[in-house]
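Notes follow the structure.
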2 protein chains.
Amino acid sequence: MPASACVNSTRSPTIGYMVVSVESVAERAGVSVSTVSRALRSVPGVSMETRKRVQAVADELGYAASPAASRLATGRTMTVGIVVPVLAKWYFGKVVGEATHALREAGFDVLLYELATPGQRQRFFATVQLYGRTDGVIIIALQPSREELESLASQGQAVALLGAESSAAGSVSVDNVAAGLAAVRHLLNLGHKRIAFVGIRDEEGSNLGGVPPLQRLRGYREAMAEAALAQEDVLEQFDENSVAGGAAAISRLLVLKQPPTAAFVASDEMAFGVLKVLRQTGLAVPRDFSVLGFDNHELCDVVGLTTMDHEVAEQGQDVARLLLDILHGGHPAVLSRSARLVVRETTGPPRALRTIPTGPDSPHSAEHFGDL
Amino acid sequence: MPASACVNSTRSPTIGYMVVSVESVAERAGVSVSTVSRALRSVPGVSMETRKRVQAVADELGYAASPAASRLATGRTMTVGIVVPVLAKWYFGKVVGEATHALREAGFDVLLYELATPGQRQRFFATVQLYGRTDGVIIIALQPSREELESLASQGQAVALLGAESSAAGSVSVDNVAAGLAAVRHLLNLGHKRIAFVGIRDEEGSNLGGVPPLQRLRGYREAMAEAALAQEDVLEQFDENSVAGGAAAISRLLVLKQPPTAAFVASDEMAFGVLKVLRQTGLAVPRDFSVLGFDNHELCDVVGLTTMDHEVAEQGQDVARLLLDILHGGHPAVLSRSARLVVRETTGPPRALRTIPTGPDSPHSAEHFGDL
DNA sequence: CTGAAAGCGCTTACAG
DNA sequence: CTGAAAGCGCTTACAG
């Protein structure tokens, strides 16, 4: 190769693209590869002048260090994994999008792991997946067991959880018990007595639920107990977290001998299904039935769904920041957020109270709209 | 190290997790590292017996080859990048989820690139991002320029496009012109004459639009021309691809001196916004106004939105398969899908035709429901 | 501030 | 079928 050929352009017979290595840059800049490496990574101990010259040559040649080589040499991947049950749901897409943004901002690549089935989850944790691939991992809406967390640790992973808790990892979660309580209190204040809970069922060990849905149920039960209302199993219906699941659950509730007059639904998507069935059944909302969802899904506004907002975008940013802190040597932190009620148009007093505003059966009638 | 210590357990002072290398496996299995490497990757030239023994030892030790080292040695990353404008929209989440699934199934990792702003897009293409990081990239809803594609090629990337076309890459797209035509014909057949188009505006070069929305507009225009209907600029309204954007667009249409009686909306999310405003304005759908969307968003069913389905899940699988084909040495293929009308409850004959079913002004009245 | 050299952990001709 | 050795392209003590 002639001395003037500074770019070490290797053309493989099959591939055929150009590779620029440290050596090319070093050669043209008239320094050693060590200096190039140091100059380009802003490592102290390089004169300003040299740094600039090297940078200029690198830019000119379009040089970028081979990630594989850097990783092998440093042991750091500058990559974070995100584990999520499913992407095509608004909550998960939002959270992953926000986390990804924060991570890339901080110079990390993000590797996506969609664990939609119990089998996928099992395989993920049963084999060495992350070692050498990522420096840390964000796990969304999955409660890893102690063994699973240990496996991740043995693979050198920092871990941050969203919607799950553990003493061994950073975590951000929402106070779902309090949120459930607040949601049901809103319905109680409106005068409802037969209030149903529509929850998320973990389909044969599927990962779509996690802990939060269970906490929302606890909040519901606490609120009912607080109001000294009988709790009937039949008023708690569980199904998959989808429009269809919500539709199925409300259908089961409507055929009860004593159907409820309101429902607290553990996710907005299920609540959309509830609304759909209500509409098809000819029941007016909220005149005949009140519906309260959870998430503050971006489409709530379209159908006027009253819901619990838990700052989904912020959750994604938080969990990314938490992981970055750990990666930067900090201790795993635990963050908790609270949800707030967003009243729209699907909740109101029960029918009975509308016709007999201050009858003896409605002691709360004066304060029905207290929180509207 | 005593001979019995077969696991090369390096404990770094700061990190402190265990690393199992080829050498550990080789030592314990009583073979060379070359043999371990070959045995574990099913490379021909290893006896069945040796292969099994090595495999057993590897399993026992929990060995997994260091990706960085493999990549450096082979030059292949076994990783694919997915570039998407935004994850938190149903269409993109769905497509990315499906593609990711197919890719991981084929043994590839997936790296996520969310390019939400023109600045991010520009930066992505202006610098060497993918070289050594991925073997190929799937680009969704972005039309890369020739230079951008050349840059990717020079970084050794195979590329597959979704919702864009190029002779230099594999691509899957939908015949959006035909879809737009079919959508508007449906409205024409119902008897509408003043039909609006609500389209996606590329916010100052944002990437959220791409080519498909423009093709839908072309389909609209062709259908209007076909019906010999005057095309007024004012009937074409563009806004951002969101509920708010749709709401803004329909608001502008409703204040026209001669407002339309129907709208073909380039995305379901915008159509949801249209529906919302219509409801707030007190206009009944479809009695007073017909709305036809695009995507067959999973929530269409909830509000009864008539729309164009373009098999979103399949698009994601297709584009992944296309890229895998190229990665396996195949030629870049071009796939085209067609959309189909899904009639629900937001489209019907215009008000005039309902009151005067067979008046002189409604020549199509007999066939209004022909395609329902 | 700079450079020569070892080493990161694999894969793969090459030789046997 | 198996092994010794070179090489992938960086980074980083170490020496100057």
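Note on naming: letters A, B, ... go to the chains in the order of the sequence lines (proteins, then strands), and numbering restarts at 1 for each one.
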Taking atom CD of B/Glu147 as the centre, report whether more than 12 heavy atoms of other residues, nucleotides or ligands fall under 6.0 Å from it.
-> yes
Could you work out the separation of C/dA6 and C/dT2 based on their P atoms and round it to a whole Å?
-> 23 Å
Which atom pairs, one a donor and one an acceptor, fall under 3.5 Å between side chains of residues 72-87 of chain A and the rest of the protein, sequence neighbours left out?
residue: A/Thr74; atom: OG1; partner: A/Ser70; partner atom: O; Å: 2.8
residue: A/Thr74; atom: OG1; partner: A/Arg76; partner atom: N; Å: 3.1
residue: A/Thr74; atom: OG1; partner: A/Arg76; partner atom: O; Å: 3.4
residue: A/Thr77; atom: OG1; partner: A/Thr79; partner atom: N; Å: 3.2
residue: A/Thr77; atom: OG1; partner: A/Asp135; partner atom: N; Å: 3.2
residue: A/Thr77; atom: OG1; partner: A/Asp135; partner atom: OD1; Å: 2.8
residue: A/Thr77; atom: OG1; partner: A/Asp135; partner atom: OD2; Å: 3.4
residue: A/Thr79; atom: OG1; partner: A/Arg71; partner atom: NH2; Å: 3.3
residue: A/Thr79; atom: OG1; partner: A/Thr77; partner atom: O; Å: 3.0

Crowded around A/His328 NE2? As in, over 12 foreign heavy atoms under 6.0 Å?
-> yes
From CG of B/Leu40 across to P of D/dT2 the rounded distance in Å is 14 Å
With C1' as the reference atom in both, quote the distance from C/dG16 to C/dT12 in angstrom, rounded to an integer.
-> 16 Å
Give the rounded distance in Å between these two atoms: CZ of A/Arg53 and C1' of C/dT2.
-> 11 Å
Examine D/dC1: is either OP1 or OP2 under 4.0 Å from a nitrogen or oxygen in the side chain of B/Thr50? Give yes or no.
-> no
Are the charged groups of B/Arg28 and B/Glu23 less than 4.0 angstrom apart, N to O?
-> no
Those residues that, when tested against B/Ala106, pass side-chain contact (heavy atoms from CB on, under 4.5 Å) (two or more places apart) = B/Phe108, B/Leu324
Residue list, side-chain contact (heavy atoms from CB on, under 4.5 Å) with A/Glu150, at least two apart or on another chain = A/Arg146
Of all residues at least two apart in sequence or in a different chain, which pass the side-chain contact (heavy atoms from CB on, under 4.5 Å) check with A/Gln129?
-> A/Tyr113, A/Phe124, A/Thr127, B/Arg104
Carefully, step by step, assess A/Thr35 and A/Ser32 under the rule side-chain hydrogen bond (donor to acceptor under 3.5 Å, both in side chains).
-> CA-CA 5 Å; A/Thr35 300; A/Ser32 70; 3.2 Å; yes
D/dC10 versus D/dC14 - spacing of their P atoms, nearest Å = 24 Å
Protein-nucleotide distance (B/Glu27, atom CD; D/dT2, atom C1'), rounded to Å | 18 Å
Take nucleotides 10-16 of chain C nucleotide by nucleotide from the 5' end and write B, S or -, depending on whether a protein heavy atom sits under 4.0 Å from the base, only from the sugar-phosphate, or from neither.
-> BSBB---
What stems involve DNA chain C, if each pair must be Watson-Crick or G-U and both of its distances must be under 3.5 Å, with 3 or more such pairs in a row?
-> C:1-3 with D:14-16, C:5-12 with D:5-12, C:14-16 with D:1-3
